[in-house]
Amino acid sequence: MLSNLQPQAPDKILMLIEEFKADTRQGKIDLGVGVYKDPQGVTPVMRAVKAAEQRIWETQTTKAYTGLAGEADYRNAMAQMVLADVPADRLASVASVGGTGAIRQALELARLANPDVRVFVSDPTWPNHLSIMKFMGLPFTEYRYFDSETRGVDFDGMKADIAQAGRGDIVLLHGCCHNPTGANLTLDQWSEVVAIFEKSGAIPLIDLAYQGFGDGLDADAEATRLVARSLPEVLIAASCSKNFGIYRERTGILMALAENSAARDLAQGSMAYLNRQNFSFPPDHGARVVSTILTDSALRADWAAELEEVRNTMLGLRDQLASELRDLSGSDRFDFIARHRGMFSRLGATPEQVQKLKTDAAIYMVGDSRLNIAGLNRDTVPVLARAIIDAGI
Ligand code: LMR
């Protein structure tokens with residue numbers, strides 16, 4: 001039986017990790033997978049995470065199963081962090097296996113509620129969004145998003161395309177720090193997007209994987225909060241991988257805002273059912289670390305301060321790279337790098353130029369020219385800038 005299996009195309013982002021490891025050149029630079037690295041190239045365990053883990057180790061008396069939906073403390077703390085004003089009577093939530101697991105459960109939930117659901121995704125989007133939908137056999141279409149001339153958002157194209165989504169369809173939106181482009185909507189533009197949903201009855205699914213990496217913990221949630229305040233039904237898939245630096249703990253949450261409390265109860269039951277079908281109980285360790293931090297004022301303050309350091313480090317690298325490129329190119333055509341937010345920017349280079357960066361300069365980025373800003377440090381920024389110019393970008 002197993003010999004009947006077809007080879008699977010490797011994930012492009014994960015493949016880069018292996019390619020980078022195998023490269024023996026000194027001074028190679030990894031701008032591939034979206035993992036934060038400090039200026040020493042280390043992905044640190046955050047101070048508050050260590051402290052919370054110690055506290056859990058000292059006080060935890062059992063490893064018996066948690067609830068199917070995960071612990072209420074975690075879900076409440078996350079709802080508070082994401083939404084600030086939580087409409088508890090309308091909110092269903094389950095802990096999930098990372099943000100990716102939340103996306104998968106959200107799509108499963110949408111299909112349970114509407115077997116004919118269509119999903120609208122930004123062009124481009126995180127490749128795994130597409131891969132999961134293909135695997136599930138969910139029909140999807142892309143809406144215009146990235147303007148390759150300005151490296152900003154093609155907002156008119158986006159509005160026209162998402163207006164095609166009808167009642168019962170899903171529109172997948174990046175709540176902040178768009179992956180892979182780094183180009184984001186303004187709050188005013190989000191208001192216009194909300195007006196389109198009000199008219200069409202389509203349901204937003206917000207992927208919030210980078211809260212705290214763009215303009216700040218609250219600022220990055222503003223768009224999600226606006227959508228949640230305005231519309232009767234909203235799905236939100238949030239990840240703790242990046243903002244708590246607990247990538248391998250697989251800590252995420254799916255939240256569903258329902259029209260009323262009866263629909264909320266139905267959603268809660270279906271979401272717990274989906275957990276049970278897919279993996280039974282959600283992982284608990286990361287969730288417990290997160291709730292320990294968020295419910296303790298000292299730990300929370302320390303975590304928020306460290307997250308701000310991470311965010312400001314990335315902003316500093318953006319400014320430095322834009323400025324180096326301004327000097328080397330004698331133009332402002334790379335200034336978009338300073339305007340983009342989050343871990344990623346799409347450079348707008350051709351696949352051949354991306355390959356040239358790899359071959360000539362041992363610089364690794366995703367084939368669509370997405371670069372992870374956090375893979376840089378103050379010393380490697382000039383190296384990258386020079387290589388970008390040399391590759392003719
Ligand atoms: C990324 O986009 O690089 C991250 O979200 C990691 C991943 O799983 O692809």
Side-chain angles (χ1 to χ4, degrees), residues 8-21 28-38 41-44 96-107 121-136 142 145-146 172-184 205-214 220 236-254 279 283 286 307 310-311 314 317-318 340-347 349 351 354 357-358 363-376 384:
Q8 301 294 340
D11 182 285
K12 292 193 184 75
I13 297 174
L14 304 187
M15 203 168 63
L16 266 187
I17 300 178
E18 298 309 317
E19 253 188 274
F20 181 78
K21 269 193 209 148
K28 59 185 180 175
I29 301 174
D30 179 11
L31 308 179
V33 69
V35 171
Y36 174 75
K37 295 196 197 103
D38 66 16
V42 175
T43 303
S96 61
V97 185
T100 309
I103 293 284
R104 174 67 190 266
Q105 301 295 70
L107 295 171
V121 289
S122 63
D123 176 21
T125 192
W126 183 45
N128 210 25
H129 285 153
L130 305 179
S131 178
I132 291 172
M133 289 186 292
K134 279 184 197 146
F135 176 71
M136 290 175 66
E142 292 180 326
Y145 186 81
F146 189 62
L172 180 44
L173 300 157
H174 298 229
C176 65
C177 307
H178 186 269
N179 179 5
T181 67
N184 298 291
L205 162 55
I206 301 180
D207 185 349
L208 192 62
Y210 296 90
Q211 187 183 349
F213 270 41
D220 289 346
I236 302 164
S239 168
C240 301
S241 297
K242 327 273 158 147
N243 47 13
F244 288 86
I246 50 173
Y247 304 83
R248 64 175 64 170
E249 301 299 349
R250 310 312 300 137
T251 308
I253 187 167
L254 171 61
F279 46 78
L307 180 58
V310 163
R311 188 176 78 81
M314 288 189 292
L317 291 166
R318 284 189 177 281
H340 284 171
R341 283 294 178 272
M343 264 189 154
F344 307 118
S345 270
R346 179 183 262 205
L347 263 189
V354 171
L357 287 173
K358 198 191 294 180
I363 295 173
Y364 286 72
M365 63 181 68
V366 183
D368 64 359
S369 73
R370 182 193 85 169
L371 62 95
N372 173 13
I373 295 290
L376 292 164
L384 172 65

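One-based numbering, in listed order, for ligands and for the atoms of each. No hydrogens, no waters, no symmetry mates; every other heavy atom, side chains included, goes into these values.
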Original post:
Which distance, rounded to the nearest 0.5 Å, do you find between the CE of Met365 and the CD1 of Ile13?
Top reply: 13.5 Å

**OP:** Given salt bridge (Lys or Arg N to Asp or Glu O under 4.0 Å), test Asp368 with Lys12 step by step and report yes or no.
**Re:** CA-CA 10 Å; Asp368 64 359; Lys12 292 193 184 75; over 6 Å; no

**OP:** Test the Lys28-Phe20 pair against the cation-pi criterion, namely NZ or CZ under 6.0 angstrom from the six-membered ring centroid and within 45° of the ring axis.
**Re:** yes

Subject >> N/O donor-acceptor pair under 3.5 Å between Asp220 side chain and Phe213 backbone >> reply: yes

**OP:** Taking the six-membered ring for Trp and the single ring otherwise, decide whether the centroids of Phe146 and His178 are under 6.0 Å apart.
**Re:** no

Subject >> Residue contacts for ligand 1, heavy atom to ligand atom, distance under 4.0 Å >> reply: Ile13, Val33, Gly34, Trp126, Asn179, Tyr210, Lys242, Arg370

Original post:
Minimum heavy-atom separation for Pro180 to Pro124, with atom names?
Top reply: CG-CG, 3.7 Å

